[in-house]
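To start, the structure itself, in structure tokens.
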Number of protein chains: 2
Amino acid sequence: MNIGEIARRAGVSRSTVSYALSGKRVVSEETRQRIQAVIDELDYRPNAAARALKEGRTRTLGLVIPPASLRLTDMQLGFVASVVEAAARVDLDVLLSPSGGDHDRSFERIVSGRRVDGVILMEIRLEDERVTRLQQTGLPFVTIGHTAHPQGTCWVDVDYATLIARCVHHLADLGHRHIALINRSAELVAAGYGPAQRALTGFTEAVAQRGLTGVDMCCADDAPGGESCLEQLREQHPEVTAIATINEAALPGIQRALERAGVAVPRDMSIAGVAARHWAEDFRPPLTAADVPTEMGNHAVDLLLERIATPDAPPRHLLLTPPISLRSTTGPAPTR
Amino acid sequence: MNIGEIARRAGVSRSTVSYALSGKRVVSEETRQRIQAVIDELDYRPNAAARALKEGRTRTLGLVIPPASLRLTDMQLGFVASVVEAAARVDLDVLLSPSGGDHDRSFERIVSGRRVDGVILMEIRLEDERVTRLQQTGLPFVTIGHTAHPQGTCWVDVDYATLIARCVHHLADLGHRHIALINRSAELVAAGYGPAQRALTGFTEAVAQRGLTGVDMCCADDAPGGESCLEQLREQHPEVTAIATINEAALPGIQRALERAGVAVPRDMSIAGVAARHWAEDFRPPLTAADVPTEMGNHAVDLLLERIATPDAPPRHLLLTPPISLRSTTGPAPTR
DNA sequence: TCGGTTCGCGGAATCGGTTCGACAGAAGAT
DNA sequence: ATCTTCTGTCGAACCGATTCCGCGAACCGA
């Protein structure tokens, strides 16, 4: 069931079948229909490898995700889903590469075996050698998140610094004077993980600007982590009345610890976060948060397609600053 | 940077380079080292498409996931992660196809464009046309979950009927007489989604066997769904003192509704579920549940590799029945 | 009727690997 | 000295598409 078979049965040459399929040259309507009939009958579809070899492109995008051992957050998951969906809409397939390590075989296969036409990189660090590796090879790529030197690359990101600053301002407007930042895990912060670093910067600046006292804490990215982090916070800083956080995964634990301690939200404690929209909505009470649009994956695909089409165009960036959706977890600071 | 370039620089023929790389014929140690030196210098890696074309295999596995619009549960996510990880361990890549629809372009590309050597199918229904389509094409495949007629296919699944039955027995042993099954969404049940159907069967039989009264409810697969489902349950069946569920995603909502109503777990209400292990552990209080091993993805990959190697061997199945881990959400029935 | 244009199609090269058959030269057997 | 057996390498075919070049027939205006 290759193109030769179709050609023989339709009584034409292989090239004619190819042209009938691609439309790159005129084929008489009669011939075209005859060919199509044979194709339908045999359910023929061109061999992807042969086409990729000849055309020099694979019609496949690579998506580099964190290794399976690290559990993905809802937000990251949303990115994956929207990347896959956006790619499917333009008839592209997505090849997954779980790679966090330095010199990953899977990553190398993808980038230097010409298995994909372009790569989307997730969870990048401020200094990320995968980015430099991709720059070497010349393979088009887009990152979700950006490095410390983002000028030369194409990326889409959420402006964590500004978003966390907005959370702080919102809380300050409500009269809160003592605010805590609950950041991502200590390991990530130490590894130079961009969002964690930038959230801290934004927090520190905003707190200083409003003359508040701020305390920042790292917190393991899961429910138990949030729970113990909050216990520690209430013990060491009982004066805190509001929390800003980018740690989605820790929120259920935070919430639970507050409940156990009899601290009502938002009466006794306000929470403003940065999270996936559906996640914030599903949260009880609904979370006041800057809704990170999961469509970021779509944007990443768009940018990547552009870059593949015109590799020499200056790299474009997209820094999103979604507004804070006021829901039910923030309120006026308690009067002592 | 193709094999010809390497051959020229090393002063040998292309075939010799190929043999040096594959080891399928002896190449003198001296020549081999010379070739390797050139390869290292140029950072050469064979073109995947060319190799796939000639060899007739792509070294790629297809993973068909639910479309992006449907949010994946933690358990499904765990499968994806473990499939990707298992594939990476044996140097295989994973191609994602988001396809739930009947005649999906992405699915068709994968199965009939010979883009993959085998396919893993998730979220299959009792009658699933994707399965019949794959059987037509002869492409090796393994399903996570099984259809109503599973004899001829290769699959790995969790024995939901038995697990839910065990939950019922466990709860009955604790003295509960009125037990509710909180199932997956009504749409899934209507669509003939296997786990939902089998959970219902197992529940009904176990309840009858123990002479209990059981009530089964469908419930949207998210927190708000769980919340409203529980409210409805308490209104219509206030006598229920225990819940068995396979609806992971609804649990936070269930939990929240119970709290709001002042119903303590497990004092006033026991809950036994089927969920991913880490999920059950993170839940507060830790959930008594049959821990679905996320390693099911690994097993699926193993089965698939076997099937690819020996397509004519009789299809193998794997029906897992993990034991119930007793944690903190079940206790003796309340004395009235 | 003739030269030129258009239309529809076939032939053959090409992409970059793998693999089979052949072959030269060295080594061993008789 | 001749015949056989290895060893190590090369050349060429092949996988299944795409695409450039060119050819014959039809068509058209003069």
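From a predicted model like this one, the values you see are computed outputs, not experimental measurements. Note on naming: letters A, B, ... go to the chains in the order of the sequence lines (proteins, then strands), and numbering restarts at 1 for each one.
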- For the pair Asp117(B) and Arg59(B), find out whether any cationic side-chain nitrogen is under 4.0 Å from an anionic carboxylate oxygen. no
- Query: Considering residues at least two apart in sequence or located in another chain, which fulfil the side-chain contact (heavy atoms from CB on, under 4.5 Å) criterion with Ala37(A)?
  - Reply: none
- Query: Among all residues two or more places apart in sequence or in another chain, which pass the salt bridge (charged side-chain N to carboxylate O under 4.0 Å, His left out) test with Arg51(B)?
  - Reply: none
- Item | Heavy-atom contact window of chain A on DNA chain D, given 5' to 3' at under 4.0 Å | dG16(D) to dG22(D)
- Query: Has the side chain of Tyr19(A) got a donor or acceptor that lies under 3.5 Å from a partner of the other kind on the base of dC7(C)?
  - Reply: no
- Query: Mapping Lys54(B) and Val17(A) to their closest nucleotides on DNA chain D, which lands nearer the 5' end?
  - Reply: Lys54(B)
- Task: With sequence neighbours left out, write down each residue that passes salt bridge (charged side-chain N to carboxylate O under 4.0 Å, His left out) with Asp91(B), or none if nothing qualifies.
- Result: Arg105(A), Arg109(A)
- Query: Arg51(B) CZ to dT19(C) C1': how many Å, rounded?
  - Reply: 13 Å
- Task: Could you pull out all residues at least two apart from Asp43(B) that satisfy side-chain contact (heavy atoms from CB on, under 4.5 Å)?
- Result: Arg133(A), Arg45(B)
- Name every residue in residues 2-13 of chain B that has at least one heavy atom under 4.0 Å from any atom of DNA chain D, in order of residue number, or write none if there are no such residues. Gly11(B), Val12(B), Ser13(B)
- So ring-ring contact (aromatic ring centres under 6.0 Å, His included) across residues 292-318 of chain A, not counting sequence neighbours, yields Trp155(A)-His317(A)
- Query: Can you tell me if Ser97(A) and Ser106(A) form a side-chain donor-acceptor pair at under 3.5 Å?
  - Reply: yes
- Item | Five-pair end axes of the helix from dT1(C)-dA30(D) to dT30(C)-dA1(D), angle between them (10°) | 50°
- Query: Counting only heavy atoms not in Arg316(B), do more than 12 sit closer than 6.0 Å to its CZ atom?
  - Reply: no
- What parts of residues 21-37 of chain B reach DNA chain D, counting only heavy atoms under 4.0 Å away? Arg25(B), Val26(B), Val27(B), Ser28(B), Thr31(B)
- Query: Are Arg125(B) and Glu127(B) close enough for a salt bridge, meaning some N to O gap below 4.0 Å?
  - Reply: no
- Query: Are Ser18(B) and dG17(C) close enough that a side-chain N or O sits under 4.0 Å from OP1 or OP2?
  - Reply: no
- Task: Inspect the surroundings of CD in Glu29(A) and state if more than 12 heavy atoms from other residues, nucleotides or ligands are less than 6.0 Å away.
- Result: yes
- Item | By salt bridge (charged side-chain N to carboxylate O under 4.0 Å, His left out) - contacts of Asp128(A) (at least two apart) | Arg130(A)
- Note on the structure: Taken in chain and number order and not counting sequence neighbours, the residues that satisfy salt bridge (charged side-chain N to carboxylate O under 4.0 Å, His left out) with Arg9(B) are Glu5(B)
- How long is the line joining CZ of Arg14(B) and C1' of dC15(C), in whole Å? 10 Å
Which atom pairs, one a donor and one an acceptor, fall under 3.5 Å between side chains of residues 17-27 of chain B and the rest of the protein, sequence neighbours left out?
unit_1: Ser22(B); atom_1: OG; unit_2: Ser18(B); atom_2: O; d: 3.2
unit_1: Ser22(B); atom_1: OG; unit_2: Lys24(B); atom_2: N; d: 3.2

